[in-house]
Colleague: 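If you scroll down you'll find the structure; I have some questions about it.
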4 protein chains.
Amino acid sequence: MTRRFQGIYAALTTPFVEGEVSLDRLRENIRRYNDSGLAGYLVLGSTAESVSLSDEESASLVRTVREEASSGKMIIAGTARESTRLTIDFTRRMAHLGAQAALVRTPGFFRSQMTGEALQKHYAAVADASPIPILIYNIPQSTGVSIDSAVVADLSRHPNIAGIKDSSGHMAAVGEVVPRAAADFDFLLGAGSIVLPGLAMGAAGAILAVADAVPGLCVELYQDFVQGRLEAARRIQENIAPLNEAVVLVHGIAGLKYALDRLGYHGGLPRPPLLPLPEKGRAEIESILSGMGLVS
Amino acid sequence: MTRRFQGIYAALTTPFVEGEVSLDRLRENIRRYNDSGLAGYLVLGSTAESVSLSDEESASLVRTVREEASSGKMIIAGTARESTRLTIDFTRRMAHLGAQAALVRTPGFFRSQMTGEALQKHYAAVADASPIPILIYNIPQSTGVSIDSAVVADLSRHPNIAGIKDSSGHMAAVGEVVPRAAADFDFLLGAGSIVLPGLAMGAAGAILAVADAVPGLCVELYQDFVQGRLEAARRIQENIAPLNEAVVLVHGIAGLKYALDRLGYHGGLPRPPLLPLPEKGRAEIESILSGMGLVS
Amino acid sequence: MTRRFQGIYAALTTPFVEGEVSLDRLRENIRRYNDSGLAGYLVLGSTAESVSLSDEESASLVRTVREEASSGKMIIAGTARESTRLTIDFTRRMAHLGAQAALVRTPGFFRSQMTGEALQKHYAAVADASPIPILIYNIPQSTGVSIDSAVVADLSRHPNIAGIKDSSGHMAAVGEVVPRAAADFDFLLGAGSIVLPGLAMGAAGAILAVADAVPGLCVELYQDFVQGRLEAARRIQENIAPLNEAVVLVHGIAGLKYALDRLGYHGGLPRPPLLPLPEKGRAEIESILSGMGLVS
Amino acid sequence: MTRRFQGIYAALTTPFVEGEVSLDRLRENIRRYNDSGLAGYLVLGSTAESVSLSDEESASLVRTVREEASSGKMIIAGTARESTRLTIDFTRRMAHLGAQAALVRTPGFFRSQMTGEALQKHYAAVADASPIPILIYNIPQSTGVSIDSAVVADLSRHPNIAGIKDSSGHMAAVGEVVPRAAADFDFLLGAGSIVLPGLAMGAAGAILAVADAVPGLCVELYQDFVQGRLEAARRIQENIAPLNEAVVLVHGIAGLKYALDRLGYHGGLPRPPLLPLPEKGRAEIESILSGMGLVS
């Protein structure tokens with residue numbers, strides 16, 4: 001099994017200054033991440049507030065990450081739109097700007113019509129037309145659509161579909177997909193609370209929002225697992241779980257950005273309709289970071 | 001109570017020919033609707049596959065409907081984007097092209113963060129910036145977000161928020177919103193299966209996909225209710241319910257477009273990822289239309 | 001259309017004193033309700049905390065309501081168990097004690113297996129074996145199961161299935177069931193927030209928890225509707241909606257029992273695991289009752 | 001960490017012959033399981049159709065399993081009722097008949113009222129009154145209630161609450177509960193598709209329906225994990241996953257019982273409202289068992 005995707009990828013945030021995208025701050029974040037052992041970067045993911053960005057802003061982010069990433073870091077861009085046609089257009093454009101792979105979220109607006117057949121045809125058409133490999137992206141908590149394991153296994157045979165990022169938290173999916181999929185199809189976890197069990201089930205790695213805040217711990221967890229130190233990996237998993245829960249599930253992107261600010265990265269505020277983190281949330285994240293020994 | 005919105009509005013479909021928007025076919029549909037007693041048209045609604053259209057295509061649709069609509073027909077445009085900023089930009093643009101009101105769907109991608117406060121600020125900001133009145137659009141089955149009646153009542157006091165379209169099918173919402181909202185705030189139903197009971201609870205009218213197929217029956221239902229013929233209204237409601245269910249809930253836009261084709265309008269195929277209506281669905285709709293005496 | 005069920009039925013609570021069923025207090029409640037214009041009583045409904053009662057306690061309640069109800073009040077007993085066999089046994093027993101009809105909730109524990117066929121066979125078997133007419137009871141918010149309108153229409157032809165109580169709040173169900181069901185099949189609403197629109201769609205009446213607190217208002221709403229006073233009916237519907245929401249949806253049985261205490265009935269505390277109403281809930285209900293002019 | 005519960009427990013089915021409980025067939029199943037390496041038996045679990053059994057039938061099952069189980073097999077009985085009071089009564093009765101621990105499902109009927117506080121008080125009261133240790137049982141797919149990890153951690157300090165069975169399939173729960181719970185609190189998995197990842201996260205064992213059909217494979221998976229053979233464990237996990245999915249998620253108890261019949265155990269038919277397995281389901285299970293080399 002030769003893996004194209006393995007290890008830990010950071011799902012980057014988009015820094016704003018007074019509401020405008022700040023490419024400078026993004027560059028500074030990337031420079032720090034370049035030293036971290038991360039396998040690569042996801043730009044324009046959910047965590048990047050990609051749904052709140054114009055096409056021009058999106059393009060500038062991909063270009064900048066491409067320029068700033070150190071050699072060997074894989075650049076993955078989120079390129080989904082609700083229609084097949086718009087997704088193809090945008091994927092081509094991002095590939096042209098330097099994205100090396102495209103993460104394509106399932107369409108969700110017409111969720112009751114998103115049958116296995118509809119999803120199968122959508123992904124096949126996008127993969128046919130894309131100059132770069134496609135990763136399927138399953139995130140039912142945002143889309144209301146959950147792609148069936150049998151459809152994923154089928155799509156894994158497409159020469160230009162390279163893997164899946166699954167953020168559902170539905171662990172059984174790993175065990176359903178990995179043994180049925182093509183040998184060169186990589187399963188990437190999207191939920192930071194279950195990286196270790198997912199690796200134990202055969203996942204190749206993870207694309208994580210929490211890796212923005214603690215890239216080193218995430219990489220160490222992965223290395224511990226790969227080298228057979230299950231107990232050490234479990235301790236890290238338990239250690240990062242409360243932070244992951246706070247910055248992903250409870251407080252969302254405002255929480256993650258606050259944690260980044262406290263850890264020396266550029267976080268800042270999200271774009272409305274996302275609200276700034278309220279005082280109570282700041283105290284919770286402060287307490288978690290302090291308990292981890294990351295702030296004093 | 002002076003109502004700005006009342007009666008039946010058609011939520012227009014977007015005709016495609018070989019995958020491209022056909023403004024000619026749209027014009028022909030509008031010309032037929034102009035004679036129907038409809039109060040106006042929603043362009044770029046969910047039914048228009050607006051999420052599958054480029055900004056340029058969207059603009060051309062609003063312009064065309066504006067040109068073709070007969071005098072007195074209200075033009076409402078769906079203008080929602082996921083961020084406040086993009087929604088404002090697009091609303092202004094559509095207003096400039098001739099939309100007289102903007103229907104703004106709740107953001108949904110970051111649904112776990114869409115608190116009452118977040119939605120309140122989002123709508124207030126959009127309404128502040130919009131040159132045309134705003135209608136709130138509640139459609140939890142597509143967005144995963146349901147706006148609270150108390151938030152709606154609060155927003156109803158904003159001078160530039162004129163009403164709500166509620167497609168949730170949650171009838172209690174009418175009774176919660178109408179007595180608490182500002183007197184000039186209009187409640188419009190979005191679910192064709194419950195127009196009569198909604199009117200009985202104080203709704204001002206309805207914006208309906210099924211009105212594309214049977215505008216005359218929908219208008220007659222409304223007139224019967226307004227003139228106190230409750231039994232006659234109920235018979236029409238029962239009559240259109242199976243068609244509504246088939247073309248909205250079960251088969252979606254592909255089903256509606258097929259029904260339009262059978263009734264002499266331009267329906268055509270939806271854009272992928274929506275699939276063409278399968279044979280079984282065609283037979284079901286055929287059977288319903290035949291049962292209603294609309295096709296032979 | 002001859003209706004066996006019409007008008008407003010109260011879904012009785014079960015009074016406890018120091019944790020034990022108090023038949024005396026139940027008798028006193030019934031005596032007051034006897035003067036109210038209610039069409040009858042539901043004993044052992046959800047509101048009665050029937051799932052928290054032993055079989056012996058259940059029997060004593062049915063016997064007592066039978067004895068105390070004034071002539072002409074219909075006695076309906078909730079008799080559902082999770083299996084067909086246990087439901088038949090219990091239905092027969094309650095019929096023997098004087099119940100005149102049985103309200104049978106859909107089984108819910110094995111919800112993923114509760115197909116239309118499973119529900120159809122369950123109800124047919126119960127109705128075949130029952131000495132009294134059966135009412136189907138659809139309450140997906142408690143059971144996780146929603147019975148399909150087509151299955152209801154089919155079951156309506158069974159000679160011993162007399163109607164349905166639908167507490168789903170799904171208004172479209174009335175319009176789907178009423179025109180398809182047998183002529184002598186009665187649709188009873190279970191959600192106090194949508195009695196008027198349900199009647200407008202052809203429902204025969206309602207079985208309501210909120211009717212325990214304000215039986216007179218509920219009966220008046222029904223009479224206004226029947227006699228064509230739609231506006232008057234709508235004003236009552238809007239008037240009782242906040243109370244209904246507070247005592248059914250928000251605070252549940254503890255809230256309803258508190259309202260009963262304040263209105264001169266016997267409410268008392270629910271059985272654990274239901275908790276007593278907290279101070280905040282008491283203040284909310286106090287404020288609603290005061291706003292309705294029912295307490296000073 | 002001394003564990004009271006570890007390894008694999010079978011969630012027994014209840015054999016029926018012509019609709020009546022067959023204690024003889026149950027005895028024969030137990031005799032075969034006695035040789036299997038299983039750590040014990042769950043009687044009256046969900047898989048036992050316990051909600052379809054009378055109290056007397058339930059008692060006879062516990063008594064029989066107690067008599068037939070070989071020495072050293074732990075006997076756990078499902079003892080939940082919807083109220084605290086009925087649960088205490090039934091738990092005491094089953095303890096008296098020989099159950100060594102009680103598995104207590106969260107109440108579910110009044111789900112909107114099942115706050116953390118309500119669940120905390122319910123379990124504390126049951127544990128206070130029970131002569132045998134209590135296991136919390138989280139199965140939101142049947143109850144509609146999901147117990148919060150913080151509440152579980154709190155309850156883990158009760159001297160008579162020994163652990164949790166979690167059938168939610170929500171893997172993150174293991175990582176949330178294990179590090180926060182008392183050291184002698186055991187986490188038991190309830191979902192056969194995720195035993196390996198759960199063990200990797202610190203679970204003590206599993207109570208499984210699929211262990212009725214393939215007890216040897218389940219025990220081997222557990223032993224492989226404990227002895228550090230992660231790859232071997234993963235191969236078994238992948239091997240049993242399709243069977244688990246078919247007999248738990250898709251076809252339910254009728255499917256499991258059919259598989260038992262094919263594997264030489266007594267399966268038989270479930271009680272209505274559960275339907276017999278249709279032909280298509282039989283073929284699917286046949287194909288899975290054949291693929292595993294268990295039938296020819």
Colleague: With only heavy atoms counted, which part of T87(C) is less than 4.5 Å from chain D, the side chain, the backbone, both or neither?
Modeller: neither
Colleague: Is the number of heavy atoms from other residues, nucleotides or ligands under 6.0 Å of E279(D) CD greater than 12?
Modeller: yes
Colleague: Assess whether a salt bridge exists between R271(C) and E82(D), defined as any Lys/Arg side-chain N lying under 4.0 Å from an Asp/Glu carboxylate O.
Modeller: no
Colleague: In terms of heavy-atom pairs under 4.5 Å, which option from S112(C), G108(C), S46(C), G144(C) contacts chain D the most?
Modeller: S46(C)
Colleague: Counting heavy-atom pairs closer than 4.5 Å to chain C, which one of P272(D), A254(D), S142(D) comes out on top?
Modeller: S142(D)
Colleague: Is the shortest heavy-atom distance from the side chain of F109(D) to the side chain of E49(C) under 4.5 Å?
Modeller: no
Colleague: Taking everything shown except E56(C) itself, do over 12 heavy atoms lie less than 6.0 Å from its CD?
Modeller: yes
Colleague: So what's closer than 4.5 Å to chain C heavy atoms on E57(D): side chain, backbone, both or neither?
Modeller: side chain
Colleague: Which atoms of P107(C) are under 4.5 Å from chain D, going by heavy atoms: the side chain, the backbone, both sets, or neither?
Modeller: side chain
Colleague: Is a donor on one side and an acceptor on the other found under 3.5 Å between the side chain of Q141(C) and the backbone of R111(D)?
Modeller: no
Colleague: Is there side-chain contact between K121(C) and L275(D), with heavy atoms separated by less than 4.5 Å?
Modeller: yes
Colleague: Identify which of S54(D), S83(D), G19(D) forms the greatest number of heavy-atom pairs closer than 4.5 Å to chain C.
Modeller: S83(D)
Colleague: Please identify, among P273(D), A118(D), S52(D), the residue contributing the most non-hydrogen atom pairs under 4.5 Å to chain C.
Modeller: P273(D)
Colleague: When you measure from the side chain of R81(D) to the backbone of L53(C), do you find a donor-acceptor pair of N or O atoms at a distance under 3.5 Å?
Modeller: no
Colleague: Any side-chain heavy-atom pair from M114(C) and L274(D) closer than 4.5 angstrom?
Modeller: yes
Colleague: So what's closer than 4.5 Å to chain D heavy atoms on I253(C): side chain, backbone, both or neither?
Modeller: side chain
